[in-house]
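So the structure is just underneath, and the comments pick up after that.
Worth saying up front: this structure is predicted, and the values here are computed from it rather than measured.
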Amino acid sequence: GSGDGQGQILQRFPEKDWEDNPFPQGIELFCQPSGWQLFTERNPPTFFVAVLTDINSERHYCACFTFWEAVESAQPQSHPRNGEGEEEEEEEPLSPVQPVQLFAPKSLVLVSRLDHAEVFRNSLGLIYTIYVDGLSVSLENVIGNLLTCTIPITGGAQ
């Protein structure tokens with residue numbers, strides 16, 4: 001086809017909306033303002049932060065880290081051979097036609113009420129590295145550790 005597609009949310013944290021901070025509807029459209037298109041080359045990862053304003057005029061900082069993954073292609077097509085009952089002429093065997101390798105965008109998105117672009121970039125970069133390196137760490141644990149902060153008691157043990 002044309003290579004145009006529609007974004008789809010594959011996984012989100014938290015899985016259910018928080019009462020005071022609902023999941024932004026249509027975020028998959030926002031992540032790829034130019035549309036979800038396939039490319040014949042793997043593009044370098046991109047990062048941007050934009051500000052979304054909700055109905056109550058509250059700001060939500062939306063950090064998007066996009067990278068490109070190879071798309072599972074269909075099985076290679078082969079040229080038709082002569083049907084049964086027809087005499088075969090001596091020809092060189094035809095090799096299968098190799099499909100063009102295509103790459104689809106995949107986005108990691110972090111939405112926050114805080115404006116900390118460098119922290120967002122580092123956090124999404126860590127998640128991306130774990131994903132592409134295939135490390136045996138659950139993303140749920142990584143995200144939980146990124147969101148957890150221990151503050152020591154004044155004068156207490158570290």
Side-chain angles (χ1 to χ4, degrees), residues 1-77 96-158:
S2 66
D4 289 334
Q6 184 175 357
Q8 176 183 13
I9 298 169
L10 300 177
Q11 194 172 16
R12 65 173 262 200
F13 301 99
E15 292 180 0
K16 299 194 186 307
D17 284 353
W18 290 346
E19 186 177 317
D20 63 336
N21 196 11
F23 189 76
Q25 296 302 312
I27 194 84
E28 67 277 8
L29 300 172
F30 175 77
C31 296
Q32 291 294 317
S34 305
W36 293 89
Q37 300 170 359
L38 299 176
F39 293 89
T40 55
E41 294 180 4
R42 185 185 309 262
N43 293 327
T46 60
F47 175 81
F48 69 91
V49 177
V51 180
L52 305 176
T53 306
D54 66 17
I55 196 165
N56 298 324
S57 298
E58 292 183 18
R59 292 179 173 206
H60 300 268
Y61 297 90
C62 183
C64 294
F65 183 95
T66 300
F67 59 99
W68 279 258
E69 283 191 317
V71 175
E72 295 279 330
S73 57
Q75 294 179 348
Q77 301 172 3
V97 174
Q98 296 297 323
V100 174
Q101 178 66 63
L102 296 174
F103 297 91
K106 188 173 242 185
S107 295
L108 301 172
V109 182
L110 191 149
V111 179
S112 174
R113 291 190 185 170
L114 305 174
D115 182 12
H116 296 292
E118 198 60 33
V119 172
F120 301 157
R121 179 192 304 267
N122 293 338
S123 298
L124 294 174
L126 176 64
I127 294 168
Y128 167 73
T129 301
I130 290 169
Y131 177 77
V132 296
D133 287 349
L135 300 178
S136 60
V137 178
S138 87
L139 286 179
E140 290 86 351
N141 286 340
V142 172
I143 292 168
N145 287 332
L146 287 173
L147 297 175
T148 303
C149 176
T150 304
I151 301 172
I153 300 171
T154 306
Q158 290 292 325

Which atom names give the shortest non-hydrogen contact between [X] and [Y], and what distance separates them?
X    : Y    : value
P45  : W68  : CA-CZ3, 4.5 Å
A70  : Q101 : CB-NE2, 3.3 Å
S123 : L110 : CB-CD1, 4.4 Å
F47  : A63  : CE1-CB, 3.9 Å
E28  : G7   : CG-O, 3.8 Å

Please report the interatomic distance [atom1]([X]) to [atom2]([Y]), rounded to the nearest 0.5 Å.
X   : Y   : atom1 : atom2 : value
Y61 : L52 : OH    : CG    : 10.5 Å
F48 : C64 : CZ    : SG    : 3.5 Å
T46 : F65 : OG1   : CZ    : 7.5 Å

Where the side chain of W36 meets the backbone of Q8, is there a donor-acceptor pair that is under 3.5 Å apart?
no
Counting distance only, does the side-chain N/O of N56 pair as donor-acceptor with the main-chain N or O of E58 below 3.5 Å?
no
R12 atom CZ, neighbour heavy-atom count above 12 within 6.0 Å:
yes
Could you tabulate the donor-acceptor pairs under 3.5 Å formed by side-chain atoms of residues 113-120, not counting sequence neighbours?
unit_1: R113; atom_1: NH2; unit_2: D20; atom_2: O; d: 2.3

Only residue of V109, L108, T66 satisfying side-chain contact (heavy atoms from CB on, under 4.5 Å) with L124 is L108
Expected list for residues 126-134: side-chain donor-acceptor pairs under 3.5 angstrom, two or more places apart:
unit_1: T129; atom_1: OG1; unit_2: G125; atom_2: O; d: 2.8
unit_1: Y131; atom_1: OH; unit_2: E69; atom_2: OE2; d: 2.6
unit_1: Y131; atom_1: OH; unit_2: K106; atom_2: NZ; d: 2.9

